[in-house]
Amino acid sequence: MKELIRELNQQQREAVLYFDSPLLILAGAGSGKTRVITYKIAYMIEELGFEPERILAVTFTNKAANEMKERLEGLLKREVPVWVMTFHSFCVRLLRAHSVRLGYKPNFVIFDSDDKKRLIKEIIKDLNLDPDLYSPSTIASVISNVKNGTYSLDSMNLYYENIGQIFELYNKRLKESNALDFDDLLICGRDLLAQEDLKRRYSDYFRYVLIDEYQDTNRIQYEIALSLTKEKGNICVVGDEDQCIYTWRGANIENILSFERDFPNAKVIKLEKNYRCSGTILKAANAVIANNRKRKGKTLFTENPDGEPIRLFAAESDVEESQFISSTIKQFLKKGVKPSDIAVFYRTNAQSRILEDALRKEGIAYQIVGGVKFYERKEIKDVIAYLRVALFDSDVVSLLRILNVPKRGLGDAAEKKLKEILKVEKGNLKALEKLAESVSSARQRKAVEDLIEIIRAIREKIPTLPPYDLIKFITTVSGYKEYLQKEYREDWESRYENIEELGNTIQDFAEREKLEGEELYVEFLSTITLSSDQDEMEEGEKVTLMTVHASKGLEFPVVFIAGLEEGIFPHVRSLDSADGVEEERRLFYVAVTRAKKLLSLSYAKRRRFFGTYKSSQKSRFLDEIPSHLIKEVKKKERSGQPALQKTSSTSDKKPKIVFHKKFGKGVVKRVEGSGDNAKVTAFFANYGEKTVIMKFLKVLA
DNA sequence: GTGGTCAATGTTTTT
DNA sequence: CATTGACCAC
């Protein structure tokens with residue numbers, strides 16, 4: 001341990017060894033803050049005799065938590081039961097023990113944003129409000145902002161006349177469903193710790209609390225931390241105001257200022273030496289962020305060599321940009337760069353598709369982090385809804401979701417009746433029984449009774465069947481498998497595979513956590529709704545594609561940032577306020593500082609939006625980088641290839657032989673349409689006749 | 001009353 | 001371009 005600490009620079013060492021008062025570490029990008037935190041924890045355990053289970057370390061994502069734990073265990077060469085988790089997970093843990101105090105049963109459900117929107121949609125309908133004025137996603141974010149204290153309900157009342165009513169009803173329905181949304185988790189956690197005995201108990205229990213990514217905590221999270229440590233001042237927070245990119249979710253840079261106010265004797269240590277980036281990259285990052293006015297001010301320096309200039313490519317179109325990126329990646333791979341050392345970042349998820357197409361055409365293995373998350377896929381959510389209905393008799397949102405999926409002849413009218421019944425009859429099964437009696441036809445009656453049977457059957461199997469079999473059972477007993485086959489003729493198999501994957505995941509989870517039966521599923525469900533994009537990242541030899549937000553906390557030797565255009569990055573929705581642009585700039589700063597050795601920036605002069613091309617201008621952020629750091633990549637120098645093939649793989653002539661990643665070689669029988677989206681029907685030796693979109697095919701002849 | 005088909009319509013970022 | 005809503009035939 002002592003030798004390890006000797007490796008640290010002076011500031012890092014001081015941060016590890018300091019325990020005299022509350023500690024605020026302002027850690028610039030790539031300054032080794034994760035190292036500092038892990039060493040600090042290790043030092044506490046090894047040298048100061050702290051009991052690991054009485055240390056709480058809060059991270060931003062579960063992935064970061066796992067990594068920190070792994071590093072710690074690598075350092076100490078044994079299992080270390082430190083509480084490493086996100087604020088949300090921490091609150092869930094508190095709530096499982098004490099939820100009754102706040103009027104929730106301990107087996108509560110967590111509503112994800114999809115559940116939340118569904119519920120809001122119901123409420124808007126029930127209140128007869130105009131869905132154009134009250135779009136579920138807008139209302140969802142308003143509710144969130146009110147809950148986490150960004151806006152007051154009254155101030156929102158100006159824009160949304162009925163918001164008070166919606167807000168109240170939303171919370172009422174949630175509570176009746178024994179459900180909490182993301183914001184509730186934090187609020188309830190805070191409220192529990194506001195109770196004198198619990199505050200006493202937990203603040204006595206935890207001997208030290210550390211918070212990573214402090215700049216992205218919101219007020220409520222801060223209050224949680226405060227109630228655990230206010231008295232003893234046994235707290236260390238690590239953050240960088242220049243990397244605060246979640247203000248729209250209630251993150252508050254003010255927390256950094258509040259910290260010094262609430263803990264007047266706080267010690268501040270700055271980590272300004274960057275170990276990650278090349279000199280050139282760091283200079284660019286510093287120059288960009290200097291344009292922000294709202295910052296405490298810190299200047300990073302590095303001893304790393306300047307390295308290669310930053311590349312800039314001005315593409316004529318979005319297609320050309322993605323071709324540039326994929327062909328450059330291909331060159332790198334040829335030169336021996338590992339795919340896992342390369343990442344492509346973009347501002348919005350919608351940009352990923354075109355990049356994917358280009359990489360696929362070059363035959364480059366890639367993974368996308370984020371986008372539509374695994375657990376948000378329709379088929380997964382449907383199956384989980386069955387599970388939830390079987391587990392939680394109060395989960396109305398899930399019941400409504402499966403009422404007519406698969407189609408069983410219970411449409412709008414039946415749904416309305418059910419909702420009427422639910423107003424007086426609490427409990428899904430009871431309500432369904434009543435529905436069976438009040439429904440119009442014998443056919444519908446049978447349908448409802450069948451549904452009740454399905455739910456009962458699942459419920460019965462929960463304690464006995466292994467998880468994989470239970471999931472399989474759900475898909476058969478509910479007729480969901482046939483539904484997929486009928487509804488998704490083309491790709492039902494991959495969807496069904498996803499469901500099987502879900503079964504496997506639960507099985508693994510059960511073995512890892514040594515849980516079974518109801519407890520297993522309740523635990524699993526809360527874990528997956530709190531899982532972040534990064535949690536899904538795979539190890540392996542693949543190029544990584546993700547949004548800039550998802551890249552937070554990561555690093556790659558080679559980084560591409562695509563779509564550096566006004567309106568995209570900075571995003572249009574941020575342009576009307578100075579604060580908005582500053583947040584975009586911090587976001588760009590985060591993106592740039594992920595790169596260790598090589599950074600490639602690009603933009604497109606024309607970009608396709610919904611179907612039509614729109615011309616765009618290069619991002620202001622590009623002009624903020626000193627030009628001597630940049631080398632513009634000219635088209636003709638690119639990859640030594642002749643100018644671009646105008647329409648990629650599709651030629652005017654009809655293809656005869658094609659190649660598909662999974663199906664292999666195929667003989668073309670028919671082509672409908674033209675270009676990338678042409679439908680090609682071909683005969684494949686091992687798979688028979690298949691119809692595939694052109695862009696998934698390579699033309700061989 | 002339900003389910004299939006057609007048209008319109010909408011894209012920030014996420015625990 | 002892909003999902004969601006409105007409309008009409010069963």
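Just so you know, these numbers come straight off a predicted model, no measurement behind them. Numbers restart at 1 for each chain; the letters A, B, ... are given by sequence-line order, proteins then strands.
A:Arg249 has no side-chain polar atom (N or O) that falls below the 4.0 Å cut-off from OP1 or OP2 of B:dT14. Look at A:Arg408 and you won't find any side-chain N or O under 4.0 angstrom from OP1 or OP2 of B:dT2. At least one side-chain nitrogen or oxygen of A:Lys121 sits closer than 4.0 Å to the OP1 or OP2 atom of C:dG5. Applying the 4.0 Å criterion to OP1 and OP2 of B:dT15, one finds that A:Asn62 has every side-chain N and O outside that range. In terms of phosphate contacts, A:Asn218 brings no side-chain nitrogen or oxygen within less than 4.0 Å of OP1 or OP2 of B:dT15. For A:Arg353, a side-chain nitrogen or oxygen approaches OP1 or OP2 of C:dA2 to under 4.0 Å. OP1 or OP2 of B:dT14 lies within a sub-4.0 Å distance of a side-chain N or O belonging to A:Thr547. The phosphate of B:dT15 has neither OP1 nor OP2 within less than 4.0 Å of any side-chain N or O from A:Gln221. Between A:Lys552 and the phosphate of B:dT14, there is no side-chain N or O to OP1/OP2 separation shorter than 4.0 Å.
Ring-base stacking between A:Trp248 and B:dT13 is satisfied, the centre separation being under 5.5 Å and the plane angle under 30°.
Taking atom NE2 of A:His571 as the reference point, atom C1' of B:dT12 lies 4 Å away to the nearest angstrom. Following rounding to the nearest Å, A:Asp576 (CG) and B:dT12 (P) show an atom-to-atom distance of 13 Å. Nucleotide B:dT14 holds its P atom 10 Å from the CG atom of A:Leu587, rounded to whole Å. With rounding to whole Å, A:Lys416 atom NZ is found 15 Å from B:dT2 atom C1'. Taking atom NZ of A:Lys125 as the reference point, atom P of C:dA6 lies 10 Å away to the nearest angstrom. Atom CZ of A:Arg377 is separated from atom P of C:dT3 by 12 Å (rounded to the nearest Å). Rounded to whole angstrom, the span from the CD1 atom of A:Ile143 across to the P atom of B:dT15 amounts to 20 Å. For the pair A:Lys407 NZ and B:dT2 P, the interatomic distance rounds to 12 Å; values are reported in whole Å.
Heavy-atom neighbours of A:Tyr159 OH from other residues, nucleotides or ligands within 6.0 Å: at or below the threshold of 12.
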Test side-chain hydrogen bond (donor to acceptor under 3.5 Å, both in side chains) on A:Glu213 and A:Gln215 and set out the steps. CA-CA 5 Å; A:Glu213 305 286 6; A:Gln215 75 282 352; 2.9 Å; yes

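Just one residue in the list A:Arg607, A:Lys618, A:Arg620 forms a salt bridge (Lys or Arg N to Asp or Glu O under 4.0 Å) with A:Glu565, and that residue is A:Arg607.
Nucleic acid contact for A:Phe609: base, since at least one base atom lies under 4.0 Å from a heavy atom of the residue. Nucleic acid contact for A:Asp112: none, since no nucleic acid atom lies under 4.0 Å from a heavy atom of the residue. A:Asn404 comes within 4.0 angstrom of the backbone, heavy atoms only, and of no base. Counting non-hydrogen atoms under 4.0 angstrom, A:Lys417 reaches nothing in the nucleic acid. When heavy atoms are screened at a 4.0 angstrom cut-off, A:Gln444 is found touching the sugar-phosphate backbone but no base atom.
Counted by atom type alone, A:Asp579 and A:Ser577 present zero donor-acceptor pairs between their side chains at under 3.5 Å. A donor and an acceptor atom, one from each side chain of A:Ser317 and A:Glu320, are nowhere located under 3.5 Å apart. A donor-acceptor pair shorter than 3.5 Å can be found between the side chains of A:Ser144 and A:Asp183.
Residue A:Arg347 places its side chain closer to B:dT12 than to any other of B:dT14, B:dT2, B:dT12.
A:Leu119 places a side-chain heavy atom less than 4.5 Å from the side chain of A:Tyr170.
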Acceptor/donor pairs from residues 120-128 of chain A side chains to any protein atom, 3.5 angstrom cut, sequence neighbours excluded:
from: A:Glu122; atom 1: OE1; to: A:Lys419; atom 2: NZ; distance (Å): 2.4
from: A:Asp126; atom 1: OD2; to: A:Arg173; atom 2: NH1; distance (Å): 3.3
from: A:Asp126; atom 1: OD2; to: A:Arg173; atom 2: NH2; distance (Å): 2.9

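Residues A:Lys486 and A:Ala350 each lie close to DNA chain B; by heavy-atom proximity, the contact nearer the 5' end of the strand is made by A:Lys486.
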Once Watson-Crick and G-U wobble pairs under 3.5 Å are found, how is DNA chain C written in dot-bracket notation, 5' to 3', with | for any base paired to another strand? ||||||||||

Please produce a list of atom pairs where a protein N or O lies less than 3.5 Å from an N or O of nucleotides 5-10 of chain B.
none

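A:Arg190 forms no cation-pi arrangement with A:Tyr222, by the criterion of a distance under 6.0 Å to the ring centre and an angle within 45° of the ring axis. Taking the ring centre of A:Trp83 as origin, the terminal cationic atom of A:Arg93 falls inside the region bounded by 6.0 Å and 45° from the ring axis.
Ring-plane geometry between A:Phe621 and A:Phe588 is classed as parallel, the angle between the planes falling under 30 degrees on a 0 to 90 degree scale with a further cut at 60.
B:dT13 and C:dT4 have their P atoms separated by 16 Å, given to the nearest Å.
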